[in-house]
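Hydrogens, waters and symmetry mates are skipped; everything else that's a heavy atom, side chains included, is used.
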Amino acid sequence: MARILIADDHAIVRRGLKEILREGFPFAVVAEAENAEELIATAAKDKWDIIISDISMPGRSGLDALQQIRQHEPHIPVLILSIYPEEQYALRVLKAGAAGYLTKEAAPDELVNAVNKILSGKKYITPLVAEKLAESLEKKSGKASHETLSDREFDVMKLLASGKSVSEIASSLSLSSTTISTYRSRVLIKMNMVSNAELTRYALENRLI
């Protein structure tokens, strides 16, 4: 009997995931968490066969939770769900230790297929992600600018590039404006840029927003 833990800050999404999983795994135990802190605590409290987590949640992100779970519960495979296209986050989460990446636009059958594959001990990788992995291995030049950013810096960079202000980003990530300003400075230095407008142009050119 599979024990599945799902994490998403939207109750309606959690309900939909539970219904899909109960159809695909009728005897599974499905529990839920509504944010990253609850996810980390629940993951440590009980034994789970798989965790399915949203990548974007208030406060700490799903990537933050993934890194902590991998540190303390490395035996639990984590499937990351996201509204973002695979080319934006898939390689990043796989390199961070996730067992797979699936967009929320995927069909319900694909979620069941992904969970089955991961429960069998394999990683879930779509053909597009496999192609991106091959491309990253074949690259002989240095990393793209955004690939030098930490996961939190990458999140902040995308929000800045989307036109969000420091205060708006601070509110959405449950961090202080001072902290976001520090992240912004790091991003600009690492990417060798001086303005948000440059970040926006770069993000559009690289299909990050």
Side-chain angles (χ1 to χ4, degrees), residues 7-10 13 34-37 39 53-68 70 78-98 100-106 125-209:
D8 195 288
D9 57 309
H10 296 98
V13 173
E34 63 181 32
N35 55 53
E37 294 293 348
L39 168 60
S53 175
D54 185 15
I55 200 171
S56 300
M57 293 184 283
R60 301 179 70 175
S61 70
L63 271 177
D64 290 337
L66 168 64
Q67 290 169 347
Q68 186 151 344
R70 294 299 298 161
V78 180
L79 172 64
I80 294 292
L81 285 181
S82 174
I83 60 171
Y84 301 114
E86 292 170 312
E87 58 264 28
Q88 287 190 23
Y89 271 107
L91 293 186
R92 187 174 286 268
V93 301
L94 289 171
K95 288 176 181 177
Y101 184 91
L102 190 65
T103 67
K104 290 184 177 180
E105 293 181 351
I125 298 175
T126 65
L128 176 58
V129 174
E131 182 181 334
K132 293 293 181 184
L133 281 169
E135 287 176 1
S136 70
L137 291 173
E138 290 172 0
K139 277 184 180 177
K140 295 182 180 178
S141 58
K143 290 182 178 179
S145 293
H146 67 277
E147 291 177 346
T148 65
L149 304 177
S150 70
D151 294 328
R152 179 62 85 189
E153 288 167 350
F154 183 66
D155 287 337
V156 171
M157 183 275 287
K158 285 186 58 185
L159 290 168
L160 288 168
S162 298
K164 299 289 185 182
S165 68
V166 167
S167 59
E168 287 173 330
I169 297 170
S171 177
S172 67
L173 297 180
S174 299
L175 296 171
S176 70
S177 293
T178 301
T179 299
I180 299 302
S181 293
T182 300
Y183 278 123
R184 178 181 179 275
S185 296
R186 289 181 193 168
V187 167
L188 291 173
I189 290 169
K190 285 186 176 182
M191 298 185 70
N192 194 29
M193 295 179 184
V194 296
S195 69
N196 290 3
E198 285 185 276
L199 292 177
T200 299
R201 184 167 59 251
Y202 178 92
L204 289 169
E205 289 173 353
N206 289 273
R207 299 177 63 194
L208 298 176
I209 57 174

Worked check of side chain to side chain contact (heavy atoms under 4.5 Å, CB included) between D9 and N35:
CA-CA 6 Å; D9 57 309; N35 55 53; 5.7 Å; no

Partners of K164 by side-chain hydrogen bond (donor to acceptor under 3.5 Å, both in side chains), sequence neighbours excluded?
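By the side-chain hydrogen bond (donor to acceptor under 3.5 Å, both in side chains) rule, K164 matches no residue at all.
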
If you take all heavy atoms of [X] and [Y], which pair is closest and at what distance?
X	Y	answer
M157	M191	CG-SD, 3.9 Å
I209	S162	CG2-OG, 3.5 Å
S53	L39	OG-CD2, 3.6 Å

Could you give the distance from CD1 (I180) to CG (L159), rounded to the nearest 0.5 Å?
8.0 Å

For Y84, is the NZ or CZ atom of K158 found under 6.0 angstrom from the centre of its six-membered ring and inside 45 degrees of the ring axis?
yes

Hey, is the main chain of [Y] close enough, under 3.5 Å, to the side chain of [X] for a donor-acceptor pair?
X	Y	result
Y101	S82	no
N206	L208	no
S171	S167	no

Kindly determine whether V156 and L149 satisfy side chain to side chain contact (heavy atoms under 4.5 Å, CB included), including the steps that lead there.
CA-CA 10 Å; V156 171; L149 304 177; over 6 Å; no

Do D155 and Y89 pass the side chain to side chain donor-acceptor pair (under 3.5 Å) test, and can you show the C-alpha distance, the side-chain angles, and the key distance before you say yes or no?
CA-CA 10 Å; D155 287 337; Y89 271 107; 2.3 Å; yes

Step by step, work out the side chain to side chain contact (heavy atoms under 4.5 Å, CB included) result for L188 and E198.
CA-CA 9 Å; L188 291 173; E198 285 185 276; over 6 Å; no

Please step through side chain to side chain contact (heavy atoms under 4.5 Å, CB included) for the pair D8 and L81, ending with a clear verdict.
CA-CA 9 Å; D8 195 288; L81 285 181; 5.8 Å; no

